[in-house]
Amino acid sequence: MFATMGALGLAPTAQAAQRDQPFRALSASDFTLTGRAAAKVVIVGGGIAGLAAAYELGKAGYDCTVLEARDRTGGRNFTVRGGDTTVDLSGTKQTARFADGHYMNCGPARIPQWMITLDYCRELGVPIEVFTNVNADAYLYNESTGMTKPMRYRTAKADVYGYVSELLAKATNKGALDKELTATDQEKLIEFLADWGELGDKLTYEGGSNRGYTTWPAAAGTPGVLRGDIPTASEIFGSAVGRYFSFEFEFDQAMLMFQPVGGMDQIPKALTRAIGADRIRTGAVVSKITDKGNGVSVTYTQGGRTKVVDADYCIGALPPNILAKIPHNLGSGVQSALEAITPSSAAKIGLEYKSRWWELDHNIYGGITETDQDVTHIWHPSYGFHGERGVLIGYYNYGSDADSYAALAPKQREERAVAAGVKIYGEKYRSELVSSFSHHWRQTPHLEAAWHYTPGGPDDPRYKPLNEPTGRVLFAGDWLSYMDAWQHGAFSSARKAVTALHTRVLSS
Ligand code: PHE
């Protein structure tokens, strides 16, 4: 009924909000009006792509069964709370001890406004709140360029933009742009630069309030004390703090960003409820996929027993590195395409503190500190402000940095991450710590990747057997999209598979 209301414009649906890539959600009338029967579909993988496929197919009445190897749905969408336990591929066991109400999103943690992930939050009734991706008061710290203390983002921006503006204004006034710009345009450019770089009367950069204060402006008698120690142009470019500024312009990272209230796994939980938990088999490890021409047979083991699901169609919604390990008869084109896509590493550690010292002592409420340390990114929580405790992400790193932390025991990971943080924030980074939990995707059973590298992009001809399969097994996942490493990629890929499957069923 909801879908029908949506089609009539009476209810907000994911489809209604999807302006650029129209997706027609399936509906029961597709079958009832054509006298056909909905087919049976087995979906391998209960991550976002698999769940989205089952959810969308369910709108038309398809008989879906989802096989999920882990004990919960969501795949890489994984939120850890106190009491949650993981065992990685090398047998390392961890149990999170976070206090009630605190969590870390080990996988996806931020959602841009334009992604269809938010449309699903709306449709499924998952409440969202702002995720702070950029914060003027977070820090930048590059030890390798000789910085001995961190710099506030706002201060770094004021200095970099200030000197760039001054230099460009000077060059313009010396006639360096006479071939490119008319005299009037040069005047406009200088007007812009003077404002952008907070330049003085002589078009020189001499600092200003954009850099911040050491004593904040307050009541009459307290005009504030501007932050001193203005670096020279040579010092500020030498520090390379400017390397972090383009991040906030990126199409997939620009503010505002959002997160589900209470943890990212509210999304798979809501999808699981909407699909019906009885349609999802957890702890079901698929061992064989056979296209029989007139149907598909999927073999799996669950609780030590081997079982088979027979269906009309199958959607393979596992990561390619895992799919490639499962015996199948789908052809060498499928196998070589799966093997061409390679897994990438990423990791996070959640550091639980007994006080929110970053709010109390540093006036930082959410946002990200950027470093050239092996911890890479330090995330301040975008929830629980002014509460007693908080969980900070002490590292979010990739590639060899993630792998080198994974090689350590959990306690050593914590110590190494804390040592990096102390350089930036001081001793409270160590003394206020109460617990930690670390997660490494390359070492996670049944996933073994944070995301993937797809040489040539998802439309490279070699992936045609995955994008346009001729048999009864279709594929879906973020790794088959232009938004790899985003739930949006998984949702949009699932929609594509669902549309292709439905078109086939309706034309058969
Ligand atoms: N989506 C993930 C994130 O935002 C991974 C990613 C990072 C993807 C940077 C693209 C760019 O952290």
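Positions are given from 1, in the same order as the sequence printed here. Both ligands and their constituent atoms are indexed starting at 1 by order of listing.
- Sorted by first and then second residue, the side-chain hydrogen bond (donor to acceptor under 3.5 Å, both in side chains) pairs with a member in residues 96-107 read T79-N105; sequence neighbours excluded.
- Pairs passing the salt bridge (charged side-chain N to carboxylate O under 4.0 Å, His left out) check and including a residue from residues 362-391, sequence neighbours excluded, read E352-R389, D374-R416.
- Using a 4.0 Å cut-off between charged nitrogen and carboxylate oxygen, D459 and K464 do not count as a salt-bridge pair.
- Taking 4.0 Å as the cut-off between side-chain N and carboxylate O, R430 and E414 do not count as a salt-bridged pair.
- Taking the six-membered ring for Trp and the full ring otherwise, the centers of Y120 and H488 sit at least 6.0 Å from each other.
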Find all protein N or O atoms under 3.5 angstrom from an N or O atom of ligand 1 and list the pairs with distances, or write 'none'.
unit_1   : atom_1 : unit_2 : atom_2 : d
ligand 1 : 1 (N)  : A485   : O      : 2.6
ligand 1 : 4 (O)  : R110   : NE     : 2.8
ligand 1 : 4 (O)  : R110   : NH2    : 3.1
ligand 1 : 4 (O)  : Q253   : NE2    : 3.1
ligand 1 : 12 (O) : R110   : NH2    : 2.7
ligand 1 : 12 (O) : Y396   : OH     : 2.6

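- Qualifying side chain to side chain donor-acceptor pair (under 3.5 Å) partners for Y141, counting only residues two or more places apart in sequence or in other chains: E143.
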